[in-house]
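Written out below as structure tokens is the structure these notes cover.
Keep in mind that the numbers below use all heavy atoms, side chains included, and drop hydrogens, waters and symmetry copies.
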Amino acid sequence: MLKMNPAVTGIEEEGAFFVLDRALAMKAEGHPVINLGIGQPDFSPPSHILEAAERAARDGPHGYTSPVGIPELREAVARHVAARYGCEVVADEVVIVPGGKVTIYFACMLFGGAGAEILYPDPGFPPYREAIKASGATGVGYPIREDRDFGFDPQEVLAKITPSTRLIILNSPANPTGGVVAKPALDELVAGLAGHPQLAVLSDEIYSHLVFDGSGFASLMQYPEMRDRVILLDGWSKTFAMTGWRLGYGIWPVPMVEHIRKLITVDHSCVNGVAQMAALAAIEGPMDEIERFRQTFMKRRELVVAGLNDLPGVTCRTPGGAFYAFPNIQGTGLSSRDLAQRLLTECHVALVHGDSFGENGAGYVRLSYAASSDELSEALERMKQFLKSV
Ligand code: PLP
């Protein structure tokens with residue numbers, strides 16, 4: 001009998017990828033599947049980015065780069081973040097990684113380990129929970145509440161801190177809810193964290209460019225008193241429609257960077273040079289197409305929220321950001337898992353059951369509206385017919 005590491009064998013696969021595989025298999029069999037399961041923009045990256053990648057594929061860099069990223073790219077990211085949030089950022093704090101997920105994994109490796117506790121949002125992006133587990137630490141979920149427009153109660157988060165807590169993971173705008181943490185809630189949390197100077201915070205802001213009117217998004221980079229213990233996670237995947245390119249960045253306090261650099265040399269050496277040159281073109285180039293993506297998502301959000309609220313047994317809040325809706329389906333009488341399963345097999349609409357995002361996600365499903373308006377309307381119609389019949 002082979003003896004494998006239970007920290008690895010105990011990891012659960014992310015539900016959205018499981019649904020993606022099933023949806024693709026059904027599509028290949030000829031079923032008219034509409035996939036609202038996976039969270040990725042349905043656009044192509046702007047052409048100046050593709051041209052930069054073409055040039056780099058021809059002219060290089062072809063070899064390894066610095067583990068933490070090409071210096072010009074680190075500088076460009078530092079300028080970009082500093083300009084967005086009106087804070088000081090230097091290139092030495094920037095670490096380029098193959099996808100936003102890697103920053104999560106490395107932060108959990110750095111602060112986790114046996115005996116450590118890490119706080120994470122529930123419902124929340126599943127890799128938080130699994131990366132915490134893989135590091136050997138104990139994950140402690142804090143509730144994300146529908147009645148707070150899918151934000152958290154800062155006092156409830158602070159009350160979960162114990163002497164073993166080393167890291168708190170925050171996510172705004174959020175997956176799976178689309179919730180944006182309102183600035184007053186962030187202010188209150190930051191004020192409370194002043195009493196816990198030993199705690200680091202990973203602020204996952206990968207949807208920061210997809211914030212809709214009036215949602216009141218604030219970045220943790222805007223709190224100077226937190227800068228020596230905040231890790232910012234952002235990247236290219238969602239903003240520039242580059243999920244498959246595997247590109248992300250973290251802004252880490254400089255004393256943490258040397259450790260992350262070592263982890264990179266053990267793990268993947270560096271991000272491939274072509275992708276880094278494309279990333280440089282993206283972050284230094286015009287943002288008008290990105291704004292068009294945002295406007296398109298905002299229109300689809302209206303369509304989806306109205307359509308969901310029109311379904312029997314379903315209610316849906318208007319999400320402040322990202323491209324997800326997280327409707328409450330408790331009135332349908334079906335569990336999230338049954339509903340998602342039956343919608344896929346009987347109506348060919350793929351979405352993700354809410355409890356795959358944590359136990360507080362039971363009674364909800366996640367629907368990604370990164371699909372055309374026609375597909376969204378058709379999916380809503382199929383869901384309506386199905387729910388009328390159950
Ligand atoms: N953080 C959140 C909240 C996400 O939803 C995702 C992707 O779905 C990521 C991080 C990871 O993004 P990437 O594809 O760049 O690894």
Suppose we screen for side-chain hydrogen bond (donor to acceptor under 3.5 Å, both in side chains). Which residues come up paired with D42, at least two apart in sequence or across chains? R300

Does anything in residues 178-197 pair up under side-chain hydrogen bond (donor to acceptor under 3.5 Å, both in side chains), and if so which pairs, sequence neighbours excluded? Q155-E188, K183-D187, D187-Y223

Would the distance check show the side chain of N272 and the main-chain N or O of A275 forming a donor-acceptor pair, the cut-off being under 3.5 Å? yes

What about I38 and L24, same hydrophobic cluster or not, with Ile/Leu/Val/Met/Phe/Trp/Tyr joined at side-chain heavy-atom distances under 4.5 Å? yes

Is there a chain of hydrophobic side chains (I, L, V, M, F, W, Y, each step under 4.5 Å between heavy atoms) that links V349 to L20? no

Quick one, I161 with L199, criterion side-chain contact (heavy atoms from CB on, under 4.5 Å). Give me CA distance, side-chain angles, the key distance, then yes/no. CA-CA 9 Å; I161 296 172; L199 286 188; 3.5 Å; yes

Could you give me the CA-CA distance, side-chain angles and deciding distance for L170 and L202, then say whether side-chain contact (heavy atoms from CB on, under 4.5 Å) is met? CA-CA 6 Å; L170 303 179; L202 170 63; over 6 Å; no

Residues that, via side-chain heavy atoms closer than 4.5 angstrom, fall in one hydrophobic cluster with M26: V33, L344

Just how far is it from atom OG1 of T177 to atom CD1 of I144, taken to the nearest 0.5 Å? 6.5 Å

Here the salt bridge (charged side-chain N to carboxylate O under 4.0 Å, His left out) pairs for residues 89-100, sequence neighbours left out, are E93-R227

So how far is it from Q222 CD to L186 CG, rounded to the nearest 0.5 Å? 9.0 Å

How would you list, by chain and number, every residue that makes a side-chain hydrogen bond (donor to acceptor under 3.5 Å, both in side chains) with K299, sequence neighbours excluded? none

Is there side-chain contact between L167 and V201, with heavy atoms separated by less than 4.5 Å? no

Is any side-chain heavy atom of V352 closer than 4.5 Å to one of F18? no

Measure the shortest side-chain to side-chain distance between K160 and P143 over non-hydrogen atoms and say whether it is less than 4.5 angstrom. yes

Taking CD in E359 as the centre, count heavy atoms belonging to other residues, nucleotides or ligands within less than 6.0 Å. Is the count above 12? no

With rounding to the nearest 0.5 angstrom, report the CZ to OG distance, F217 to S172. 5.5 Å

Is there a donor-acceptor pair under 3.5 Å between the side chain of K133 and the backbone N or O of G10? yes

Between W236 and A279 (side chain of the first, backbone of the second, donor and acceptor by atom type, cut-off under 3.5 Å), is there such a pair? yes

Quick one: does N171's side chain have a donor or acceptor within less than 3.5 Å of a partner on N175's backbone? yes

Using atom types as modelled and distance alone, determine if a side-chain donor or acceptor of D204 lies under 3.5 Å from a backbone N or O of I206. yes

Applying side-chain contact (heavy atoms from CB on, under 4.5 Å) to N309 and T315, what does each step give before you reach the verdict? CA-CA 5 Å; N309 280 313; T315 56; 4.1 Å; yes

May I ask you to decide whether R382 forms a salt bridge with E378, counting only side-chain N to carboxylate O separations under 4.0 Å? yes

So which pairs with a foot in residues 44-94 pass ring pair (Phe, Tyr, Trp, His ring centres under 6.0 Å), sequence neighbours left out? H80-H209

Please answer: with hydrophobic residues joined when any side-chain heavy atoms are less than 4.5 Å apart, are F43 and L36 in the same cluster? yes

Can you give the donor-acceptor pairs under 3.5 Å from side chains of residues 103-121 to other protein atoms, not counting sequence neighbours?
unit_1, atom_1, unit_2, atom_2, d
E117, OE1, T162, OG1, 2.9

Strictly by side-chain hydrogen bond (donor to acceptor under 3.5 Å, both in side chains), give each pair with a member in residues 136-154 just once, sequence neighbours left out. R145-E156, E146-N328, E146-Y364, D149-R317

State, with a plain yes or no, whether a side-chain heavy atom of P319 is found less than 4.5 Å away from one of V305. yes

Test log, rule side-chain contact (heavy atoms from CB on, under 4.5 Å), inputs T239 and L210: CA-CA 7 Å; T239 305; L210 288 171; over 6 Å; no

Using a 3.5 Å cut-off and no angle test, enumerate the donor-acceptor pairs between side-chain atoms of residues 254-269 and protein atoms at least two apart in sequence or in another chain.
unit_1, atom_1, unit_2, atom_2, d
H259, ND1, K262, NZ, 3.1
T265, OG1, K262, O, 2.7

Have a look at F297 and tell me which of F212, Y324, F323 forms a ring-ring contact (aromatic ring centres under 6.0 Å, His included) with it. F323

Given side chains that start at C-beta, do those of R342 and V390 come closer than 4.5 Å, heavy atoms only? yes

Hits for side-chain hydrogen bond (donor to acceptor under 3.5 Å, both in side chains) against R74, two or more places apart or cross-chain, chain-then-number order -> none

Do L351 and L311 share a hydrophobic cluster (ILVMFWY, side-chain heavy atoms under 4.5 Å, transitive)? yes

State, with a plain yes or no, whether a side-chain heavy atom of R301 is found less than 4.5 Å away from one of M298. yes

Thinking salt bridges, do R294 and E289 make one under a 4.0 Å N-O criterion? no

Those residues at least two apart in sequence (or on a different chain) that pass salt bridge (charged side-chain N to carboxylate O under 4.0 Å, His left out) with R366 are none

Is the count of non-hydrogen atoms from other residues, nucleotides or ligands lying under 6.0 Å from E346 atom CD greater than 12? yes

For A194, is there any backbone N or O sitting under 3.5 Å from a side-chain donor or acceptor partner on E225? no

Would a single hydrophobic cluster contain both F152 and V140, if residues Ile, Leu, Val, Met, Phe, Trp and Tyr are joined by side-chain heavy-atom contacts under 4.5 Å? yes

Would you check if the side chain of K384 reaches a backbone N or O of G307 as a donor-acceptor pair within less than 3.5 Å? no

Indicate yes or no: at least one non-hydrogen side-chain atom of R129 is less than 4.5 angstrom from one of E12. yes

Criterion ring-ring contact (aromatic ring centres under 6.0 Å, His included) on W245 and F240, from CA distance to verdict: CA-CA 10 Å; W245 290 65; F240 298 97; over 10 Å; no

Between CE of M277 and OG1 of T65, what distance do you get to the nearest 0.5 Å? 10.5 Å

From CD1 (I329) to CG (L367), nearest 0.5 Å: 12.0 Å

Just so I know, are the side chains of V68 and V94 near enough to count as touching, which here means a heavy-atom distance under 4.5 Å? no

Considering all heavy atoms of both residues, which atom of G361 and which atom of S336 are nearest to each other, and what is their separation? O-OG, 4.0 Å

Not counting sequence neighbours, which residues clear side-chain hydrogen bond (donor to acceptor under 3.5 Å, both in side chains) with E205? List them please. S203, S219

So, the side chain of S368 versus the backbone of G37: is there a donor-acceptor pair under 3.5 Å, distance only? no

